Structure formats: structure tokens, C-alpha cells
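What follows is a set of notes on a single structure, which appears directly below.
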Amino acid sequence: MEDAATSNAAEDRENKFLTMAIEEAYKAVESGHGRPFGAVIVRNDEILSSCHNMVVRNADPTAHAEITAIREACRKLNQVELADSEIYASCEPCPMCLSAIHFSKIKKLVYGAKAEAAVAIGFESIIADALKDTGFYEKLNLEVKKAEGSVAVMAEQVFEKTKDKFIIP
């Protein structure tokens, strides 16, 4: 069992990387590259990639933050598996991104906002609906953690603070 100091250190570490993913979400919108989503991949406390949604910039509907982060980390390591890595996502990943996380063998996912936060400003509910009450997470060989506290609030606020800066088709 973890003691309080170990638990607090782990939470501080997670919050640090999740805050970076949230900053990437803002970059996506501010740069005009895409929607407000960010992701950071970490292995042994080394940042392998820090990316944001690039759907608009790349004219690629698969260029979600998590996918671009996985692509960049795999290129950096010149391998297709990221088994000893963790991914920090500003928002709960869609089924496509969860599948990519699964296939890349990332061991842990920490996310900030629930998918419903994106739905609340007009994103398709199909993504949130696809995950709801399906047991999808339990079927993955992946530790999944929803952030709590102030970093979770920061992640939820990304959508409200950027909603006037992009168009949802």
C-alpha cells in the first residue's frame, strides 16, 4: 500500500504531464491546427512526445492529439510499441484513439476532461455514447485513470474557453 507522500508525488507527476497536455489543447486552437485536444507520452519520466490535434492543419481526420503523439513517439524510438509508456490526454480519448493506444501497447492512460465536456459545446455525442456503459476500458490491457481536482477542472475549461475560436462541422 502506498503511503501518503508516495501517493502525492505520483499525483503531482501526473498533474504535471496532464497540464502539459492541456497546454497542447490550447495550442491546437491558437495555431489553427485543430480542435482543443492535447496529449503527452512519457516513458521513465522522459517526454517522448507532446502533441495537439492536427486535423485541420494536416487535412487528416485521424490526426487526433493522441494519434499524433503516438506517431511521433514511435518515430522517435523507431519502434511500433510503447509498452513502457504512459499517455496523458487533455480529454477522454475517442474509440479510434483508444484503439491506437491499445495497439501501441501503452501501459497507462490518464485523462482530464470527460468526453461529455466536448459534447457540451457541440462535438458529436457518438464518441461519448460509444464508451458509455460498454466495459470497453475493462477489455483493454491498460490502466485508465480520470484525473481529479484542479487539473481536471482546467481540462474541462479548455472547451468553454476555446469554443468561439473554431468551427465544429
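Heavy-atom basis, side chains included; hydrogens, waters and symmetry copies ignored. Worth saying up front: this structure is predicted, and the values here are computed from it rather than measured. The residues of the chain are indexed from 1 along the displayed sequence.
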Met20 and side-chain contact (heavy atoms from CB on, under 4.5 Å): which partner among Val42, Asn15, Val40? Val40
Which of Cys74, Ser104, Cys51, Ser85 passes side-chain contact (heavy atoms from CB on, under 4.5 Å) with Ile41? It is Ser85
Give a yes or no answer on whether the side chain of [X] reaches the backbone of [Y] with a donor-acceptor pair at less than 3.5 Å.
X	Y	result
Lys107	Leu142	no
Glu81	Ala83	no
Ser90	Ile22	no

If you define the side chain from C-beta out and look only at heavy atoms, does anything of [X] sit under 4.5 Å from [Y]?
X	Y	answer
Met96	Glu66	no
Ile101	Ile70	yes
Thr162	Arg35	no
Asp60	Met54	no
Asn53	Pro36	no
Ile47	Phe17	yes

Drop me the distance from [X]'s [atom1] to [Y]'s [atom2], to the nearest 0.5 angstrom.
X	Y	atom1	atom2	value
Asp12	Lys16	CG	NZ	10.0 Å
Ile106	Ile87	CD1	CD1	4.5 Å
Glu156	Lys161	CD	NZ	12.5 Å

For a side-chain contact (heavy atoms from CB on, under 4.5 Å) check, start with the C-alpha distance between Leu98 and Leu109, then their side-chain angles and the critical distance, and finish with the verdict. CA-CA 9 Å; Leu98 275 173; Leu109 159 66; 3.8 Å; yes
Does the side chain of Arg71 pick up a donor-acceptor pair with the side chain of Thr62 at under 3.5 Å? yes
Is it the case that Glu24 and Tyr26 place a side-chain donor and acceptor less than 3.5 Å from each other? no
On the 0 to 90° scale, with breaks at 30° and 60°, tag the His33-His52 ring pair as parallel, tilted or perpendicular. parallel
Less than 4.0 Å between a side-chain N and a carboxylate O, is that true for [Y] and [X]?
X	Y	result
Lys108	Glu14	yes
Lys105	Asp84	no
Lys145	Glu86	no

Taking all heavy atoms of [X] and all of [Y], pick out the closest pair and write down the distance.
X	Y	answer
Lys146	Ala152	NZ-CB, 3.5 Å
Val158	Ala25	CG1-CB, 3.9 Å
Ala115	Cys91	CA-SG, 4.1 Å

Let me see the working for Phe37 and Phe159 under ring pair (Phe, Tyr, Trp, His ring centres under 6.0 Å), right down to the final yes or no. CA-CA 9 Å; Phe37 299 93; Phe159 298 105; 5.4 Å; yes
For the hydrophobic clusters of this structure (ILVMFWY residues joined by side-chain heavy atoms under 4.5 Å, transitively), does one cluster hold both Val110 and Ile67? no
Assess whether side-chain contact (heavy atoms from CB on, under 4.5 Å) is satisfied between Val55 and His64, documenting all intermediate values. CA-CA 6 Å; Val55 168; His64 291 196; 3.9 Å; yes
CD/Gln157: more than 12 non-hydrogen atoms of other groups inside 6.0 Å: yes
